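Some notes on the structure that comes next.
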Number of protein chains: 2
Amino acid sequence: MGVTKRADAQRNIAAILAAATECLSRNPAASTSEIAKEAGVGRVTLYGHFPSRAELVDAVFVHAIEVGEQSLSQVGLTGDPREALARLVESSWHLVDRYAALLVAALDTLPPGRVRELHADPMARVEKLLERGRSEGVFRSDLPVSWLVSVMHNVMHGAAGEIQAGRLSSGEAAGYITATLLAAFTPPGERVT
Amino acid sequence: MGVTKRADAQRNIAAILAAATECLSRNPAASTSEIAKEAGVGRVTLYGHFPSRAELVDAVFVHAIEVGEQSLSQVGLTGDPREALARLVESSWHLVDRYAALLVAALDTLPPGRVRELHADPMARVEKLLERGRSEGVFRSDLPVSWLVSVMHNVMHGAAGEIQAGRLSSGEAAGYITATLLAAFTPPGERVT
DNA sequence: CTCTTGTCGAACACCACTGTTCGAGTTACG
DNA sequence: CGTAACTCGAACAGTGGTGTTCGACAAGAG
């Protein structure tokens, strides 16, 4: 069939995707030359497979989300919502830590809203858990769920920033984040665990 | 004396500073042409007063910090640490809301560490209040102060992002932020106010 | 083995920006 | 009023990226 790519082309596409993930994770502003070099491929070849830098970034980001979803979908969300949240944060944190710079690249390359659009699934997971925790009275209901989600994102990305600046170690981060969020989500009048 | 600038030069410098604040607050990547035009001044004149775009950004940022300090220094920090924090957040939030984009400009223009360096005073104020709250047992002591400060910053800047994205109104923000931070800073075992 | 598909490097056009230079004109200041 | 300080537009050089074109060449598919 005419649609199938040749074997070496497929290999190169994979190599470019991997190299782009690597480069953009180090430097969100990495150029196509850098990425092509890292992939062991000519710049022309790169443009042969991805029409523009933006579309490459998009592809890389989509792939990262898929990998993340695979990991996140294995986290059990039943039982005590607080413990479930701790598990979810633990898993999410590893992804944020790994892909923080990639997110920056996507944020200032892709059209506005695109990043959020691709985050729909992971966000829905968090929202659902928060909703359940609220109905069981262990998470606060005096603030919108969307705000709580935003707080979670910002605390995690803030932690990634602290690590990059060398003011926090990867090991400590997860504990700090969960402790902070569990307290932040506690309903007024209740005791912080 | 030879050091004094001519009157029109001083006016232009002020106009450039104001225009830069305005432009960079709208678009962190604003060019020198844009800024000069907004100031009603030729690009050459701009370079006559500021050796480079970076030094202009630095000057604008320094000025913004000074203005902020003036406002922050009037916040009373005595009494119940929780109420003091609420007051401090209220004031800080107005500044963050106004200068969020400017911070981005500074962050990716100025040398690493410069922004933090200029934030030394406002940060010291927050740290001092947090320390006092800890010693009085109303803020948690199981996490480093530096982490708590980072959480405060990230929650506020996250709120600014939500506003820019149109998912949050300026009016609601301050309340959400204080409610979130007061809970997050509550010591484990204590009740959230 | 043949032919299509893909690859490569070098060169090119293009763009938007920074920072500089020039010379002529204008404005404050003493 | 005279001079030094300042301003202006236009034009220039330099930089660092994106995306394209070319022609020679290699490699996989049938």
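Letters go in sequence order (proteins before strands), and every chain restarts at 1. Not measured: the values here are computed from a predicted model.
For the pair I35(B) CD1 and dT18(C) C1', the computed distance is 12 Å after rounding to whole Å. Remark: P of dT18(D) and CG of L56(A) are 10 Å apart, rounded to the nearest angstrom. Distance CD1 (I13(B)) to P (dA28(C)): 15 Å, rounded to an integer number of Å. Straight-line distance from the CZ atom of R53(B) to the P atom of dG16(D): 17 Å, rounded to whole Å. For the pair K37(B) NZ and dT18(C) P, the interatomic distance rounds to 13 Å; values are reported in whole Å. The interatomic distance linking N27(A) (CG) with dG17(D) (C1') rounds to 13 Å, in whole Å. The separation between L24(A) atom CG and dG17(D) atom P is 14 Å, rounded to whole Å. Atom C1' of nucleotide dG28(D) and atom CZ of R11(A) are separated by 9 Å, given to the nearest angstrom.
Distance from the side chain of A9(A) is smallest for dT7(C) among the nucleotides dT7(D), dT20(C), dT7(C). Across dG19(C), dG17(D), dG9(D), the shortest atom-to-atom separation from the side chain of V44(B) is found for dG9(D).
Here the side chains of E83(B) and R87(B) are in contact, with some heavy-atom distance below 4.5 Å. In this structure, N154(A) and H157(A) have side chains that are not in contact, with every pair of non-hydrogen atoms separated by 4.5 Å or more.
Taking for each of T45(A) and P51(B) the nucleotide of DNA chain C with the nearest heavy atom, the 5'-most of the two is the partner of T45(A). Both D8(B) and T32(B) lie near DNA chain C, and the one whose nearest nucleotide falls closer to the 5' end is T32(B).
The phosphate of dT7(D) (OP1 or OP2) has a side-chain N or O of N12(B) nearer than 4.0 angstrom. Listed pair H49(B) / dT7(D) meets the phosphate criterion, a side-chain N or O lying under 4.0 Å from OP1 or OP2.
A salt bridge does not link R140(A) to E190(A): none of the charged side-chain nitrogens sits closer than 4.0 Å to a carboxylate oxygen.
Judged by distance alone, with hydrogens and angles left aside, the side-chain atoms of T178(B) form a donor-acceptor pair with the main-chain N or O of G175(B) at under 3.5 Å. Listed for the Q70(B) side chain is no donor-acceptor partner under 3.5 Å among the backbone atoms of V67(B).
Below the 3.5 angstrom threshold, one finds no donor paired with an acceptor across the side chain of R6(B) and the base of dA28(C). Side chain R43(A) to base dG9(C): no donor-acceptor pair is found below 3.5 Å.
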